[in-house]
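Inspection log for the structure reproduced underneath, given as structure tokens.
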Amino acid sequence: MRLTIQPFMLVLVVLLMTTASLSAQVVGKATKGSFLLKNATIETVTKGSVKGDLLIKDGKIADIGSGLSATGAKEIDCTGKFVYPGFIDGGTNLGLIEVSSVSLTQDAREGGDIKPFLEALTAVNPSSVAIPVTRVSGVTTVIAMPEGGLIPGKAALINLVGYSPDEMYAGFKAMRMNFPSSAARGRRDRRSEEDRKKAEEKTFKEITKLWDETKLFAKIKAAKATDASIMQEYNPTLEGMIPVVEGKLPLFIEVNRSADILSALKWIKKTGVKAVLTGVSEGWRVADSIAAAKIPVITGPVIGMPTRQSDRYDRPYANAGLMAKAGVTVAIRSNDTENVRDLPFHAGFAAAYGMGREEALKAITIVPAQIMGLEDRLGSLEVGKDANLFICDGDPLETKTQIEQVFISGWEIPMNSRHSLLYDEFLDRSPGIKN
């Protein structure tokens, strides 16, 4: 007799397994209050290293100096320790995809080609098992990105603490665009070069049409505000594109091949859109052109394979550094889901292959904050900024360094995760294995 499971039963089983997993992923709760970090080496990022104390109060960095005291604050001895600003990942699927190989856990991609009305923030799962795994590695803030199609929707910046997406929201959104390309879509793409070129031209026509229709829609909407007799049907696609076309909402343009990057730069100049280039894996080939256009870049993953078989093995590692040396504003992303925790090591590889440690550290702290216009709140340790930071025992770009405590928006975060709980469980197995 064959045992069959109905689809709804399968979903129920998955949900029950997920609930059981989540209930055991973190021991303890985040706590908020005043915290005084004493005798630390404070790596401010923007103002060098400071030996002294750091006070956290009301979710902010209240003071930095020597011999600080604060009534009622919890003191943490940081002698011999370092304090760094929380790392910012400029592009992930964290919170949108739980397990990449299980479709039921994926919320980053929706049907359709042009979906500016979609919000990644609404699909973020605050209880994702991957979130505690990520934040205990010093990554406190990430951009959650939608995927699929020409315009996948709006990406959103989130802090990795909170019980709802709105509570996690960190104050930045951007529309995403996958820029047209005539490149092959991997090894299984059997289209001829001519067919690929035709597909690229067709997509460009779609973009041009979308831009022209959005401009017209915006004009009619503005006229309607002063003349009630004007009729206009609701169009969520064009409505969602208005802030982009008017330059009020940044456009993250995913583009990687050097020829496509140059094409994107021309298109950006033509439209005047407020753009950020993302991906940019062949940016090193056209770094001077990107620098001349003064368009910021969020590149990554750094730990990857060359885009062409003829390239040196280290091109992905050196890409960020080569662009930075050419004068490009460069931030680094992991472009990952389960392993966003490896962001500091992406920066470490970039540092080792020409970017330098100081610039690589900035590429995951103050630079992404500047690109998003949030440098007054995030990216460095300065009085008045959000208390997104961590304590560690060494250089966080090195794998041997231990992150000892993380704070996000002033919350003292439990320093455990699915990984640490499993480690503890199997470290001392009981009843254990009998010989």
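Because only heavy atoms are used, hydrogens play no part in the values below, and waters and symmetry mates are left out as well, while side chains stay in.
- Contact check on K57 versus D63 returns no salt bridge, with no Lys/Arg side-chain nitrogen under 4.0 Å from an Asp/Glu carboxylate oxygen.
- Of the possible polar contacts, none joining the D113 side chain to the G149 backbone as a donor-acceptor pair under 3.5 Å is found.
- A donor-acceptor pair under 3.5 Å is absent between the side-chain atoms of E338 and the main chain of V99, judged by distance alone.
- We find that K47 and E382 are joined by a salt bridge, their nearest charged nitrogen and carboxylate oxygen being less than 4.0 Å apart.
- Summarising the local packing, NZ of K32 is surrounded by more than 12 heavy atoms from other residues, nucleotides or ligands at distances under 6.0 Å.
- Between the CH2 atom of W284 and the CE atom of M323 there is a distance of 11.5 Å, given to the nearest 0.5 Å.
- Judged as a side chain to side chain donor-acceptor pair (under 3.5 Å), and not counting sequence neighbours, the contacts of K60 are D386.
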Handout entry: Stepwise side-chain hydrogen bond (donor to acceptor under 3.5 Å, both in side chains) check, N319 with T299
Key = CA-CA 8 Å; N319 182 39; T299 190; 3.2 Å; yes
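- For W411, the ring-ring contact (aromatic ring centres under 6.0 Å, His included) criterion is met by no residue, not counting sequence neighbours.
- Annotation for I42 and D53: closest pair CD1-O, 3.5 Å, computed over non-hydrogen atoms.
- For the pair E43 (side chain) and F82 (backbone), a donor-acceptor distance under 3.5 Å is absent.
- The two atoms that bring A351 and A360 nearest to each other are CB-CB, 3.6 Å, heavy atoms only.
- Minimum heavy-atom separation, L94 to I158: O-CD1, 4.4 Å.
- Electrostatic pairing of K362 and E358 counts as a salt bridge here, judged by a charged N lying under 4.0 Å from a carboxylate O.
- For the pair K173 and Y169, the distance from NZ or CZ to the six-membered ring centre is under 6.0 Å and the angle to the ring normal is within 45 degrees.
- With salt bridges taken as basic N to acidic carboxylate O contacts below 4.0 Å, none links E282 and R257.
- Judged by distance alone, the side chain of K385 and the main-chain N or O of E375 form a donor-acceptor pair under 3.5 Å.
- Results of the side-chain hydrogen bond (donor to acceptor under 3.5 Å, both in side chains) test with E254 over N335, N178, T278 single out T278 as the only residue that passes.
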Problem - side-chain contact (heavy atoms from CB on, under 4.5 Å) between V406 and E412, worked out - result: CA-CA 6 Å; V406 174; E412 186 180 28; over 6 Å; no
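- Taking the six-membered ring for Trp and the full ring otherwise, the centers of F407 and F390 sit at least 6.0 Å from each other.
- The aromatic ring centres of F204 and F179 sit less than 6.0 Å apart.
- Among all heavy-atom pairs drawn from I290 and V297, the shortest one is CG2-CG2, 3.9 Å.
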Exercise for the section: Take I143 and D89 through the side-chain contact (heavy atoms from CB on, under 4.5 Å) test and state the conclusion after the steps. Expected result: CA-CA 6 Å; I143 291 179; D89 195 318; over 6 Å; no
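- A salt bridge does not link K209 with E206: every distance from a Lys NZ or Arg NE/NH1/NH2 to an Asp or Glu carboxylate oxygen is 4.0 Å or more.
- P344 approaches I364 most closely through the heavy-atom pair CA-CD1, 4.1 Å.
- When only modelled atom types and interatomic distance are considered, N388 and T141 share a side-chain donor-acceptor pair under 3.5 Å.
- One finds the CE atom of M305 at 13.0 Å from the OG atom of S281 (value rounded to the nearest 0.5 Å).
- Atom CD of residue Q402 and atom CE of residue M415 lie 9.5 Å apart, to the nearest 0.5 angstrom.
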Practice task
Take V330 and I298 through the test side-chain contact (heavy atoms from CB on, under 4.5 Å) and record every step on the way to the result.
Solution key: CA-CA 6 Å; V330 181; I298 301 176; over 6 Å; no
Problem - L160 vs T140, side-chain contact (heavy atoms from CB on, under 4.5 Å): CA-CA, chis, key distance, verdict - result: CA-CA 6 Å; L160 301 187; T140 60; 5.9 Å; no
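- Between N159 atom CG and I88 atom CD1 the span is 9.0 Å, to the nearest 0.5 Å.
- With rounding to the nearest 0.5 angstrom, the NZ atom of K115 is 11.0 Å from the OG1 atom of T237.
- Rounding to the nearest 0.5 angstrom, the gap separating the CG atom in L262 from the CZ atom in R285 is 11.5 Å.
- Closest non-hydrogen pair, R176 versus E147, comes out as NH1-CG, 4.1 Å.
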Exercise for the section: Dump the intermediate steps for side-chain hydrogen bond (donor to acceptor under 3.5 Å, both in side chains) on S229 and D227, then the final yes or no. Expected result: CA-CA 5 Å; S229 66; D227 186 350; 2.5 Å; yes
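- Residues satisfying the ring-ring contact (aromatic ring centres under 6.0 Å, His included) test with F117, not counting sequence neighbours, are none.
- Ring planes of Y353 and Y313: perpendicular class, angle over 60° (limits at 30 and 60°).
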